Amino acid sequence: MKIIVLMKQVANKDAVLRVGNDEKWIDESDIAHQTNESDGYALEEALRMKEAKGEGEVVVCTLGGQSAKTVIKDALARGADRGIHIIVENDQKLSPHQIAKTIADAIRDENADLIFTGLQSDDASYGQTGVILAELLGIPHATIVIDIDRESLNGNLRVKRELESGWYQWFVYQLPALLTIQSGISQIRYASLKGIMAAKRKEIKEVTPTIEDFGAAQQIQKVYMPLKTKQTQMLGDGDVKRGAAELVEKLKTEIRVI
Amino acid sequence: MILVFIEHKDCVLNKTSLEAITAAQGIGKDLGLKISAVIPCDKDCALAQEISNYDLEKVIMAKNEKLGIYTPDGYTDAWEQVIKATNPTYVIMAHTYQVRDFAPKLAARFGKEVVGDCIRYRNEDGKLVFTRRIFLGKLDADVIIEGDAPYFVTFQSGAFRGDNAEKGGSANIETMDVEVGEIRMKPEAPFQEAKASIDLTKSAIIVAVGRGIKSQENIEKAQELADALGADLAASRPICDAEWLPIDRQIGSSGQTVAPKVYIALGISGAIQHIVGMKNAGTIIAINKDAEAPIFDIADYGIVGDIFDAMPVLVEEIKKAKS
Ligand SMILES: Cc1cc2nc3c(=O)[nH]c(=O)nc-3n(C[C@H](O)[C@H](O)[C@H](O)COP(=O)(O)OP(=O)(O)OC[C@H]3O[C@@H](n4cnc5c(N)ncnc54)[C@H](O)[C@@H]3O)c2cc1C
Ligand SMILES: Nc1ncnc2c1ncn2[C@@H]1O[C@H](COP(=O)(O)O)[C@@H](O)[C@H]1O
């Protein structure tokens, strides 16, 4: 069974974001990066499926600039078998359809049995790259997958989707199929020292695509800090301990829960 | 014209569809476009009558026996035909989990993409500019769509008010028999997990921890604060994903929706999927070391700083205040 996992490099969650000079994205210089959260879960699930089945190959694929290679190296250290790096600098300028199309062209000939993506990127948050990719490749998809029935690994795959407010639903798929994976599907492993050593010998194929124009693209005109809608009373004036004491006073005299 | 999606399960309305109607009515007025609602169903949908009371031109029942239970393949095929038959300028939907599942596929079929999860729009001389939240709510982006119609737009839950949807029409109900091809996925019946062992909807005070709590060991410190206040402990998704707290403590779109008298958010950034679960709390208090964290947008009281400095002082002061 061949599983391709799409993983994207995004700004670190704790990075302080500043609007870039052109006001169309953040200022990427000096920003620490990390692998998109749900993509880490997608990789983990792929590795576990391969282990449960006792055979197969897990291929990670990322589209991004040179720095995005870290995402692949990290995935290889965790146990992925090889990587595909689609090199595109300034990939934030691409629309989700362009990203999906470029990835589709790069992985079509792999004829994977399964493609896993995260359910949403934490930077652009389109929530659609995987679904568009499935349509372009002509394969069925399921989004927000939170469990895969191990009993179904040798037949039609049974996957559990998260619906809203505590509802779930199982769907059965024939392969090939594309699944977008929700965080929390399983606990993510750390890379072992052995894994890190082994990763050095694994193949990373580089692809330099030509990006096709896409006439129906959504285009960011301007990014900015959200406008504040609510008057928040800030306590402590930078002094946390004083703020905490003031808060208890409010809880007692104004909110009256103490 | 504008098409607006009416989402339902067994002919029971998903209320966010009314928010989509409100959005469509606003855009319709701005651009001088008529609006039709689209209801995919396997029978004469019991909802059609109710929806026809809204100020709409038409209610289109897209009918096929394969549309009784939602599948992305079935809905995409049905919608494709409705769009081809009606040539809409805009297709407007609420950004629900179901819409996330099929709308990008539908748009891709027309060589388009979705401008998704928008929080508002404005009309600039007949050209609409949509605003989306990016970077987990830390930034807003104004977005335009290039190219020709149809344009696919989804709005975030709460971006418009469903009770502002204008009634007064007596829209024609039109049945459109649509063809649906092979459905490549087999759905089983939706279900709810066994009842949560704790019902946070009844809590008066909730202390909720986010990734700022950093490790499982530190949960204890938040528990001490909750105990001092007589509060229940809850969490954002990453804390439950990591199994530091059980999933029935999760607040948000895929967890519980609560409205306690007081909600204290410790080290929670305030992503929309968390906020939808707690924004109706009486008083919202946020402690976060990032002064720009989106949680402060909805907080009544805020402290900028380290939760590990704040928690012990809070416990101590509460104990003092109580004695
Ligand atoms: C379909 C879908 C469904 C989802 N469902 C849910 C859901 O039901 N519930 C949910 O919560 N999320 C849900 N999410 C995830 C959501 O988008 C966010 O990723 C999540 O809410 C972030 O959790 P957080 O605020 O704890 O972490 P982060 O976003 O990482 O924020 C941590 C915060 O802690 C602060 N911090 C760090 N250290 C300290 C310190 N020492 N002192 C003070 N502050 C500190 C940081 O400044 C930051 O603001 C869902 C996402 C999707 C796409
Ligand atoms: N540049 C990229 N490289 C690799 N995978 C990507 C890229 N962009 C999006 N994806 C995948 O598609 C998912 C959804 O992204 P998005 O549509 O941007 O929310 C992500 O979680 C990734 O798995």
Side-chain angles (χ1 to χ4, degrees), chain A residues 11 17 95-97 122-128 131-132 135-136 140-144 162-174 183-184 187 215-226 228-230 232-236 238 240-241 243-245 247-248 250 252 255 257-258, chain B residues 72-73 96-97 100-101 104-105 108-109 111-116 129 134-136 138-147 184-188 190-193 205 237 240-241 253-254 257 261-262 283 285 294 296-306 309-310 313-314 317-318 321-322:
Chain A
L17 304 182
S95 83
H97 193 282
D122 287 339
D123 52 359
S125 301
Y126 293 124
Q128 51 184 319
V131 180
I132 300 173
E135 177 69 8
L136 294 177
H141 77 268
T143 57
I144 323 192
E162 188 179 294
L163 309 180
E164 270 141 30
S165 37
W167 286 80
Y168 297 90
Q169 189 174 12
W170 288 95
F171 282 78
V172 179
Y173 283 80
Q174 279 174 16
S183 66
Q187 295 304 304
Q218 50 191 298
Q219 283 187 359
I220 295 182
Q221 284 197 312
K222 188 179 158 76
V223 301
Y224 48 93
M225 293 288 171
K228 293 251 183 284
T229 48
K230 193 158 172 178
T232 307
Q233 211 175 317
M234 296 309 256
L235 306 174
V240 186
K241 295 193 173 135
L247 178 59
V248 174
K250 302 271 181 205
K252 187 168 180 174
I255 313 166
V257 288
I258 303 182
Chain B
D73 280 355
T96 61
Y97 285 20
R100 293 174 60 115
D101 194 54
K105 177 179 172 70
R109 241 185 226 177
K112 309 282 173 190
E113 56 189 29
V114 178
V115 180
V129 181
I134 54 175
F135 288 95
L136 293 171
K138 288 183 202 135
L139 287 177
D140 280 354
D142 284 351
V143 174
I144 53 165
I145 323 175
E146 299 285 307
R184 296 167 297 176
M185 57 288 296
K186 263 210 235 57
E188 298 177 14
F191 64 97
Q192 276 180 300
E193 293 290 14
I205 311 176
R237 177 163 196 129
C240 301
D241 283 349
S253 62
S254 40
T257 301
K261 196 159 184 240
V262 179
T283 302
I285 298 161
F296 287 125
D297 292 353
I298 60 152
D300 300 282
Y301 298 96
I303 299 175
V304 176
D306 196 317
D309 293 335
V313 182
L314 285 170
E317 294 287 330
I318 290 164
K322 279 197 168 170

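Every chain is numbered from 1 and lettered A, B, ... according to where its sequence line falls, protein lines coming before strand lines. On a predicted model such as this, the values are computed, not experimentally measured, just so you know.
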Segment of [X] engaging chain B (4.5 angstrom heavy-atom cut-off):
X	answer
Gln187(A)	side chain
Leu235(A)	both
Ile144(A)	side chain
Lys252(A)	side chain
Leu17(A)	side chain
Ala124(A)	backbone

Can you name the residues that form a ring pair (Phe, Tyr, Trp, His ring centres under 6.0 Å) with His97(A), not counting sequence neighbours?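 Partners of His97(A) by the ring pair (Phe, Tyr, Trp, His ring centres under 6.0 Å) criterion, ordered by chain and then number, come out as Phe214(A).
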Keeping the roles fixed (side chain from Lys230(A), backbone from Ile298(B)), state whether a donor-acceptor pair exists under 3.5 Å.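 Checking the backbone N and O of Ile298(B) against the side chain of Lys230(A), a donor-acceptor pair under 3.5 Å is found.
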Less than 4.5 Å to any heavy atom of chain A: does that hold for the side chain of [X], its backbone, both, or neither?
X	answer
Asp306(B)	backbone
Lys261(B)	side chain
Pro187(B)	both
Val262(B)	side chain

Choice from [options] maximising heavy atom contacts with chain B below 4.5 Å:
options	result
Ser95(A), Gly243(A), Gly215(A), Ser183(A)	Ser183(A)
Gly236(A), Gly166(A), Ala217(A)	Ala217(A)
Glu162(A), Lys228(A), Gln174(A), Lys250(A)	Glu162(A)
Pro140(A), Ala142(A), Gly184(A)	Pro140(A)
Ile132(A), Val223(A), Val172(A)	Val172(A)

List for me each residue that meets side chain to side chain donor-acceptor pair (under 3.5 Å) alongside Asp73(B), sequence neighbours excluded, and say none if there are none.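 Asp73(B) satisfies side chain to side chain donor-acceptor pair (under 3.5 Å) with Arg184(B) once adjacent residues are dropped.
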Between [options], which has the largest tally of heavy atom pairs under 4.5 Å with chain A?
options	value
Val313(B), Asp300(B), Ile318(B)	Asp300(B)
Met185(B), Arg237(B), Arg109(B)	Arg237(B)
Ala310(B), Pro104(B), Ser253(B), Gly305(B)	Pro104(B)
Glu113(B), Lys322(B), Glu193(B), Glu146(B)	Glu113(B)
Ile145(B), Asp297(B), Asp309(B)	Asp297(B)

